[in-house]
Amino acid sequence: MDIAIEKLIPQRYPIKVVDSLVEVNGEDAVCQLTLRADNCFIEGDGKMAEPGLIEHIAQSASAFAGYRAVSSGATEPPLGYIGEVKGFQCHYRPSLGETLLTTISMGPEIDGITLISGVVKSGDKVVAETRMKIYVA
Amino acid sequence: MTREEIVAKVNSMLAEEFEVEESVMTPDAKLKETLSLDSLSLVDLIALIQQNYGVKIPAEDLPKVKTFKDLYDYIESHS
Amino acid sequence: MLLENKFYRVVSVEKRENLSAVYSIDILPECEVYKGHFPGNPVCPGVFNIETIKECSMLLCGKPLRIAGVKQCRFTAISTPEKTPRAQVELLLTPSETGYTVTASIYDSQLRYVEFKGNLIYD
């Protein structure tokens, strides 16, 4: 999709960990990130620390929410906060140069709290997955 | 799906998700107190029902779903 | 360590029985992350608090650890370097077959910011 990611999420260097929103399909969306040395989660061994994967899932969900907001006329990307992470599993830490494709599924929303689930893949391998609740301010 | 099947499955799902003994889930018990629901875990409850029964409980219907019996009734009449 | 002396600095440690301790940390306002989180509006990233819990757990047990799973982590208040210059990281490590089950919270005199329960494994 040809919308600049900066229009969809408020995070910037060095903590911006989504490159683009690739597709939106109903309640699902896919985001992409190629790991480069310019993000603050890369450890000394060239691999991403696990909290970086949680942040990547959160920002992917934020990009999806941002896309919906922009589609309905918003000019600024909404500011979202993680309320809860539940059932996060990290299968391995991805390395510099790997490209992550992350599928976000939007669940129900009650009182401004939205449940999302995210699965991060690199090629055929599942890197990490979690459920998460996000407050959108 | 019979009423008994709904009750048995809902109770076992809730016991696993909220780590509460099934024995405390009597029909008249309050969902909120029994499962220690707050605004965050309430979303889990809604999602669990939606995923397993395809029943969406909209925010405006929540005040009607107070007890376990209310929840079984809601699922039965909407699925 | 990814964040020690960049995002936070350990000021003191109070070790308790077994693998339990309270780390007092300073939140460092000059950390580069605030350039992007968010421009002109510095807010501590919630996931940095998770990494801080992991790093303090490593300091406590003296071994490198990885986060294999987070059972539940709740962010109950927003912390900022301005409003939360100092915080306490309370940890309890329970040995498991592959590492530790870690129960942790981050708080100051006013608020609780994070409640964490997860599975950290030896690296």
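Order of the sequence lines sets the chain letters (A, B, ...), proteins ahead of strands, with each chain counted from 1.
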(request) Could you walk me through whether C:Glu32 and A:Tyr13 pass the side chain to side chain contact (heavy atoms under 4.5 Å, CB included) test, one step at a time? (result) CA-CA 9 Å; C:Glu32 208 190 15; A:Tyr13 168 86; 3.4 Å; yes
(request) Check step by step if side chain to side chain contact (heavy atoms under 4.5 Å, CB included) holds for A:Tyr81 and C:Val43. (result) CA-CA 10 Å; A:Tyr81 294 102; C:Val43 175; 4.0 Å; yes
(request) May I have the step-by-step check of side chain to side chain contact (heavy atoms under 4.5 Å, CB included) for A:Ile82 and C:Val47, ending in yes or no? (result) CA-CA 9 Å; A:Ile82 302 174; C:Val47 297; 4.1 Å; yes
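Contact detail for A:Pro10 and C:Pro39: the closest heavy-atom pair is O-CD, 3.8 Å. Nearest heavy atoms, C:Lys35 versus A:Pro14: CB-CD, 4.4 Å.
Counting heavy atoms from C-beta on, the side chains of C:Phe48 and A:Glu55 never come closer than 4.5 Å. By the 4.5 Å heavy-atom criterion applied to side chains, A:Glu50 and C:Lys54 are counted as neighbours. In this structure the side chain of C:Val70 never reaches within 4.5 angstrom of the side chain of A:Thr130, judged on heavy atoms. The closest side-chain heavy-atom distance from C:Asn41 to A:Leu79 is below 4.5 Å. Here the side chains of C:Phe38 and A:Arg12 are not in contact, with every heavy-atom distance at 4.5 Å or above. Looking only at side-chain heavy atoms (C-beta outward), C:Lys71 and A:Lys86 stay at 4.5 Å or farther from each other. You'll find the side chain of C:Ile67 stays beyond 4.5 Å of the side chain of A:Cys90, heavy atoms only.
Note that the CG atom of C:Asp123 and the CZ atom of A:Arg93 stand 6.0 Å from one another [nearest 0.5 Å]. Here A:Phe88 contributes atom CZ and C:Ile50 contributes atom CD1; the two are 8.0 Å apart, rounded to the nearest 0.5 Å. Here the NZ-CZ distance, from A:Lys133 to C:Phe75, works out to 12.5 Å after rounding to the nearest 0.5 Å.
Within a 6.0 Å sphere centred on CG of A:Asp38, heavy atoms belonging to other residues, nucleotides or ligands number more than 12. Environment of CG in A:Asp111: sparse, with no more than 12 heavy atoms of neighbouring residues, nucleotides or ligands closer than 6.0 Å. For A:Tyr67, the OH atom sits in a loose shell: 12 or fewer heavy atoms of surrounding residues, nucleotides or ligands are nearer than 6.0 Å. In this structure, C:Glu82 places its CD atom where only 12 or fewer heavy-atom neighbours from other residues, nucleotides or ligands lie under 6.0 Å away.
The contact between A:Ile42 and chain C is made entirely by backbone atoms, counting heavy-atom distances below 4.5 Å. For a residue to count as touching a neighbouring chain, one of its non-hydrogen atoms must lie under 4.5 Å from one of that chain's; by this rule C:Ile78 touches chain A with the side chain only. Both the backbone and the side chain of A:Phe41 come within less than 4.5 Å of a heavy atom of chain C.
Options C:Met1, C:His37, C:Arg66 differ in how many heavy-atom pairs under 4.5 Å they form with chain A, and the most are formed by C:Arg66. Annotation: maximal heavy-atom pairing with chain C below 4.5 Å, among A:Gly87, A:Cys40, A:Gly83, occurs at A:Gly83.
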